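Lettering follows sequence order; numbering is per chain, from 1. All heavy atoms count here, side chains included; hydrogens, waters and symmetry mates do not. Since this is a predicted model, take the numbers as computed values, not measurements.
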Amino acid sequence: MSSITENTLRGENRTLGGWSLIWLGASVLVLMLHLLRDVFPVAVEYPSAFVIPFSEWISAIMTWLKVNLTWLTRSMTAILDVPLSFALKLLAKGFKFGHGLEAWTLPRLSWVGVVIVAFLAGRAAGGLKLGLLTGSCFLYVALFGKWTSSMLTLGLIAIAVPFCIVTGLFVGIWAWRKPWAERFMVSPALDLMQTMPTFAYLIPMLLLFGNSPVSAMMATAIFATPPMVRATMLGLSRIPSEISDFSEMAGCTRRQKLWQVQLPSARPTLMVGVNQVIMLALNMVIISSMIGAGGLGYDVLLALRALKVGNAMEAGLAIVAIAIALDRLSQAMAAKQARGNVHQDQQERSIFQRYPNLILAIAALVITTLLSFAVPAFAKVPPEITISTARAWKDAVTWVTINWFDVIETFRVTLILYVLNPLRAFCEGFPWAGAVFLLGLAGFQLGGWRLAVTVAVLTTFCAATGLWEKTMATVYLCGISALVACLIGIPLGLMASRSDRFERFLTPIIDTLQTMPSFCFIIPVVMLFRIGDVTAMIATVAFAVVPAIRYTNHGIRQVPPSLIEAAKVSGCTRTQTFFRVQLPVALPEIMLGINQTILMALAMIIICAMIGTRDLGQEVFIALSKADAGRGIVAGLSIAFIGIIADRLFNAWSSRTRARLG
Amino acid sequence: MARNSPAQQGNATSNGDVHRPVKLACRNVWKIFGNGAEDFISRHGGNASASDLVSANLIGAVRSCDLEVRQGEIFIIMGLSGSGKSTLVRCMSRLIEPSYGKVEFEGKDLLSISTEELIEIRRHRMGMVFQHFALLPHLSVLNNIAFPLSIQGMDRAKREARAREMIDLVGLSGREHFYPRELSGGQQQRVGIARSLSTNPEIWFLDEPFSALDPLIRREMQDELIRLQGVLKKTIVFITHDFDEAIRLADRIAIMKDGEIIQIGTPEQLVTSPATDYVAEFTRDVQRAKVMSARSLMQKPGRAKCAGTVAPDTKVSSFSAEIVSAGKPFSVVSGSGEAIGEVHPQAVIDLLAGIDRSAVNP
């Protein structure tokens, strides 16, 4: 709160006196409220008599849906299950025919073949180097004995991703064509889908789609579709108007215009969307393993529950390997699209010459799979060549715990006693009416009445559900983590922007951090700090630091060279140029980075509920284990609203600064 | 002189020819942006002043435009940026719906026809070239050029044969399988031209086709256009902000300012009798000898012996060297062989030197 105040004041020179007095008055008012909590208890703690039973209503709606729409959802399950189980059988389980003694199995695709295909795909998209990277990622998974789990995960992705892409494409086209739909339906829905914690809709999916991988797929679709919708809208709106004019003049019908001109022209942007869909789908498939999708996520979950850190680490690394392979592959394809097509000599060529990689890939799969009838090593990764590092991880942790226990424990306890606990107490005791008032005021200053009302209503919702204390617990943990992430990330970004060498050193690290599914951050931290707020905070900082670094670096570097030249010619030193020119011009971009950091921190804090935080995330988690849809969704909505409030305020702030810079 | 003769003759024949049929006409066309623009202009009966628009908080991009483009002529719409020339040409092709007025294509109102008819007209009878080429990045040169044909459902062999013909026409043979980004700006615009011609349109819109090109390439492309028009004889509506380009290519020019057409005329008419100071400002630096014809310097036939003959529509620049070195008048001979007057070397020298004798010695 206070950081918003200060920065706004600094930026707002014209009415500095006016606004600073208003904020001073408001702060005193809220402080008084805080001190006089016994006089106005209603304004401090939301009266339980007025709690609106949203969760009961939602549960009632869910029950109604379940009763009345089961025929629909279950038939969807039946339809979607066909390709899904085909993919799962093809990649992981094999096809079983018959029963009992006559039963025989058509084997799954041989792991050798799949590794070869990964190599070929990488080579086709980005050259030999990428081929080696993707190939060895898959080989790594095989050698570490995670093949079956990985293929379950991959199978789910292989079906979920096209589903998300097609859905996202159509929704995006519709929203692009109908501005009212974009404004009043699609945009709010996307915001909600992206800020709502993933756990919150696992239960409704289970209720609607039954206990099958299809529910996991639907949950994945909700989480992973929004970037495709946004990419479609962005790509279509970015097409030069001349291209659209041309298609009109060529006499295209509406459909020809869309499919033959506009969508192909938007392809580079669409590919960026595809990359994001793949990464989010992977992230979500891991989380939805909790509702019976199986795969790598389930391995991690089991290991964590049993506190087998070594196994958890191993499964986590397999996830990272798959993530890196998929990310680099789809990024290379997107980059290829963006570079555009290149002509090839056009002699009449056979199919083999035209699609050498495709033919080779199919051949590799068929041959190795056929071989697996005869050679068991092709069917199953032979245990002799698998490696397990679980023991090594465990030993390492044991060693650290024995030798460094005092240091780590001192750090942990100090942090809890002197920083986290006081802050938590302050936040949880914060009067709800005061928060509504202050946030509304900030909204009014940054974006006028509409924003003020939106922010105030959303904040009131969090109080009216009776979850105020838990909301503030989330705000506290999210806030401190985001703050620390910014304190680490922004200086790193600044350093990277001033030194190419440092940037080259940093880029692969943040790339890897960004590809890692959120789940994986918890594992190593749990090993060292066990469970609790400190672990949650450290894992969150590690997860959320990337945008702060990236946006800061990018913001500083994209300051127009002419401005820097102008500064140099005016006689600025390097330091002066930096503080007087680059930093102010880059400020809006840096603020967007902070915004992203907050949103990512929020998403991560919720996942940290698995390791025993006591906030809204825990509420969702409990609801999940009790299969209480209403309770989960209400807590989820509160979390989403925290995110939306932060997002709206920061965006308004950023665009104001941007407008002032011109 | 590098100046091509076919265009000279094209100009010569069409300049005075008012009997050709009108291909495309604008009748009091308005395009107004802002809320309630259509209501506003029909309430004013298609006649609103600039101050009316300002007080109604509307922007008049195109105001009260009347023009007729005749078959086979190069009609140039010239104006600086923001003058409404692009909006006007988009109204003429109905890429933008005009707020008021009529656009007639061979006497038929384009604005009242159905979408299907419009698509049909655009598929077979109109072509358009764009300032930034508007090539489809995912298609090769061949497929870009064949695209309008494939939209019509023409089969592959036929449309590719036609596209290859077009590639030869614009001199891009050997680049059929290149993609747009592999070509230079000039080559890309050649593709744009070939694409717009692939359907063999009757009316050809060129929206600042050479403005995004370097000056040298621009000149080359202008020559190319003159060459193509010599062969194809299309009805051309050409938009430009470059007055020299307009003078070079036009049969007739319409000059636009603030959404209005100020003057329509041949280059010669604009130079000799500009309607406003604004037009005069443009024409001031034009080399008159390239614009003025023998007819405008002609005097009554005298007794002096003539050293040669010229046609009345011949540009002065094309015979100035001969007449000055001969030092004697040239006879101006009409198409039927009759001597209708003569041009004196002194008049040519005055024109070249920029001396206006009529002002000094009326």
Heavy-atom contact with chain B under 4.5 Å, split by part of Ser244(A) = neither

request  = State the CD-CG distance between Glu248(A) and Leu118(B), to the nearest 0.5 angstrom.
outcome  = 8.0 Å

request  = Would you mind reporting whether Leu136(B) and Ser265(A) have side-chain heavy atoms less than 4.5 Å apart?
outcome  = yes

inquiry  = So Glu242(A) and Phe133(B), do their side chains get closer than 4.5 Å, heavy atoms only?
reply    = no

ask   = Under a 4.5 Å cut-off applied to non-hydrogen side-chain atoms, are Gln260(A) and Ile151(B) in contact?
value = yes

note = Applying a strict 4.5 Å limit to non-hydrogen atoms, the region of Leu135(B) in contact with chain A is backbone

inquiry  = Quick check on Glu116(B) against chain A: is it the side chain, the backbone, both or neither that has a heavy atom closer than 4.5 Å?
reply    = neither

message = Any non-hydrogen side-chain atom of Pro240(A) less than 4.5 Å from a side-chain atom of His132(B)?
response = no

inquiry  = Just verifying a value: how many Å separate Gln152(B) CD and Cys252(A) SG, rounded to the nearest 0.5 Å?
reply    = 10.0 Å

ask   = Can you say whether Ser93(B) sits under 4.5 Å from chain A via the side chain, the backbone, both, or neither, judging by heavy atoms?
value = both

task = Kindly compute the distance separating NZ (Lys257(A)) from CD1 (Ile119(B)), expressed to the nearest 0.5 Å.
result = 10.0 Å

Phe246(A) and Phe147(B) aromatic ring geometry - parallel, tilted or perpendicular at 30°/60° bounds = tilted

ask   = What distance do Asp245(A) atom CG and Met128(B) atom CE have between them, rounded to the nearest 0.5 Å?
value = 6.0 Å

inquiry  = With a 3.5 Å distance limit and no angle check, can you tell me whether Arg123(B) reaches the backbone of Gly251(A) through a side-chain donor-acceptor pair?
reply    = yes

key: Within 6.0 Å of CZ in Phe33(B), more than 12 heavy atoms from elsewhere   = yes

query = Heavy-atom distance under 4.5 Å to chain A: side chain of Arg94(B), backbone, both or neither?
reply = neither

key: Within 6.0 angstrom of Arg177(A) CZ, more than 12 heavy atoms from elsewhere   = yes

task = Using non-hydrogen atoms and a 4.5 Å limit, figure out which bit of Arg90(B) sits close to chain A: side chain, backbone, both or neither.
result = side chain

task = Answer yes or no: does atom CD1 of Ile59(B) have more than 12 heavy-atom neighbours from other residues, nucleotides or ligands under 6.0 Å?
result = no

